[in-house]
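Have a look at the structure below, then the notes.
Note that the coordinates shown come from a computational prediction; the quantities given were computed from them, not determined experimentally. Only this structure's heavy atoms are used, side chains among them; waters, hydrogens and symmetry mates stay out. Order of the sequence lines fixes the chain letters, A, B, ..., with proteins taken first and strands second; residue numbering starts at 1 for each chain.
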Protein chains: 2
Amino acid sequence: MSISERKTREKQEMKALILNAAKDMFIQEGFEKTSLRKIADKIEYSPTTIYLYYKDKTEIFHELMEIGFSILLNRFSEDMKIVNPIDRLYALGETYITFALENSEYYDLMFITKNAMDKVHTADDWCSGKKTFMCLQNTVEDCIAQNQLKSKDPNTATLAFWAQVHGVVSLYIRDRMKMFPKESIKDIIYASTSSIFEMIKK
Amino acid sequence: MSISERKTREKQEMKALILNAAKDMFIQEGFEKTSLRKIADKIEYSPTTIYLYYKDKTEIFHELMEIGFSILLNRFSEDMKIVNPIDRLYALGETYITFALENSEYYDLMFITKNAMDKVHTADDWCSGKKTFMCLQNTVEDCIAQNQLKSKDPNTATLAFWAQVHGVVSLYIRDRMKMFPKESIKDIIYASTSSIFEMIKK
DNA sequence: TAAATAAAATTAACACTGTTAACTTAATAA
DNA sequence: TTATTAAGTTAACAGTGTTAATTTTATTTA
C-alpha cells in the first residue's frame, strides 16, 4: 500500500509546485497576465501537464483564493479572542487593512478580481470565505447586543463597516488615490477608518 | 475649406461609431471579453480599421472612462447647486451610488478595473475625473468650515466618505455580497450608507 | 525477466486574442 | 487624366486557454 501512498503524495507535491509558481506570478503580474505557458516554463513542464492536476486556470485561481482566506481567517482568529466586542471589532478592522496592504495581490483576487466568484456556488467552496465574514458579523451582533454601537440593524451595520475598510483599501490597491499626498497615503487610510470607527460606536 | 471640414467630421463620426459599438459590448461583456474583432464585426469593418482611429484597445477604454466621468460630473453638478453643505454631501453620496448601480460597467472601468490608470499621467487625461473628486472634496471642506461634521481633517473625512460609498457599490458590482439576502441588497446598500451619514454629521 | 497494462507527460492542433506591415481600393490634387 | 494622398483590407506574427492524439515512463502481470 505504500506505492499508492507515495503516488498521492507526489500528486500533492506536483499540485503544490504548480500552485507556488502560479502564486508568485499572480502576485507580481496579476491573473490575466499570467499565462499557463509561463507557469509551465517556470516549473519546467509542458503547459498541458498542468491540466492533469487542475481542471483549468480558474481552479488554480480559486485554490489561491482559498489560501488567502485561510491566512486572513488565521489572523482574525487571534482577534476573536478579545472579549470586549467593540475592541474586537476595531481589531478586526485593523487586521483587515493590514492584511490588504501587506498581501495586496491576495486581497485583490479575494475581494476585487472579476469573475472570481463565477464558479463559487457550493457551500464547500468559499468555506473559509464565509467564516471570515462570520467573524465580522458575529462581532457586530455582539456589539449591538451589548449596546456598544449606534446602529441597531446587524445587516446594515456589518455592511457599513466592511464597506468602509474594503472601500479604502480597494481604492488604494487599484490606484485611485492619486489625489492624496503620496507620502502619507497609508496614514490617511488608517486614520479615516479609525475616525469612522469613533463615530459609529456609542 | 469645406472638404477638410467634412473629413474631420467623418473621422469623428467613425470614432463615435467604434466607440458606440465598443461601449455596448464593454457594458454587457466587460473589457477583457470584448475583442477588437467582435467590435469590428459589429460595425462591419475589418479589425485593423479600428487602429486608424484609436491607438490601441486601451485608448478606446480611456475614452469610455472619460464619458463615464462626464456623466457622473453632470449629475454632480446638479447636486452642487444645493447651498447647505451637509445636504449637498448627502445628495452627492446618493447620486454616486445610484450612478454606480445604474451604470455598473461604467463605474467598473472608472473605479475598479485594473491597469486603467496605467497611462493616466498628464493633467489633461483624468480631467473630469479630478473634477468629480473636487466636488466631493470641496463639499467636505465646506461642511467642516460650517462645523457640520464631527471630523476636522478634510483629507481623512473625504476619503472616509468616498471609501464608504465606493466600498459598498464595488462589493456589489464584483459580486461579493452573496451572504446578504438577495432581494433586499439594494435597500441595504442605501441604508448602510445613510446610517453612516447620520453618524458622521453633527 | 519479458510482455501487457496503466499512468504521466508531451506534441500537435484548434480557435481565439491584440497588433504590425504590406497591399489594395477609393478619394482628392495637380 | 494622371499623380498623390488617405482609407480600408488581407496576411501574418506572437501570444492565449484548452482538447485530442501520441509518446514516454512506471507499474503490474505472466
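- Rounded to whole angstrom, the span from the CD atom of B:Glu10 across to the C1' atom of C:dA26 amounts to 12 Å.
- Between A:Asp41 atom CG and C:dT11 atom P the separation is 12 Å, expressed in whole Å.
- Side-chain contact annotation: A:Thr98 with A:Thr95, donor-acceptor N/O pair under 3.5 Å absent.
- Spacing between atom CD1 of A:Ile43 and atom P of C:dA8 amounts to 15 Å, rounded to whole angstrom units.
- Side chains of A:Thr193 and A:Gln164: no donor on one and acceptor on the other come within 3.5 Å.
- Judged purely by distance below 3.5 Å, without hydrogens or angles, the side chains of A:Gln146 and A:Asn84 never pair a donor atom with an acceptor atom.
- Atoms CG (B:Leu52) and P (D:dT5) sit 18 Å apart, rounded to a whole Å.
- Side-chain N/O atoms of B:Ser151 and B:Asp153 include no donor and acceptor closer than 3.5 Å.
- For the residue pair A:Ser104/A:Tyr172, the side-chain donor-acceptor check at 3.5 Å is not satisfied.
- One atom, CZ of B:Phe61, and another, C1' of C:dG18, lie 16 Å apart when rounded to the nearest Å.
- Checking the phosphate oxygens (OP1, OP2) of D:dT9, a side-chain nitrogen or oxygen of B:Ser46 falls inside 4.0 Å.
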Practice task
Classify every nucleotide of nucleotides 12-24 of chain D by which part a protein heavy atom approaches to under 4.0 Å, writing B for the base, S for the sugar-phosphate alone and - for neither, in 5'-to-3' order.
Solution key: B---BBBB-----
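- Residues A:Asn74 and A:Ser77 have side chains that never bring a donor and an acceptor to within less than 3.5 angstrom of each other.
- At the heavy-atom level, A:Tyr54 lies nowhere under 4.0 Å from the strands shown.
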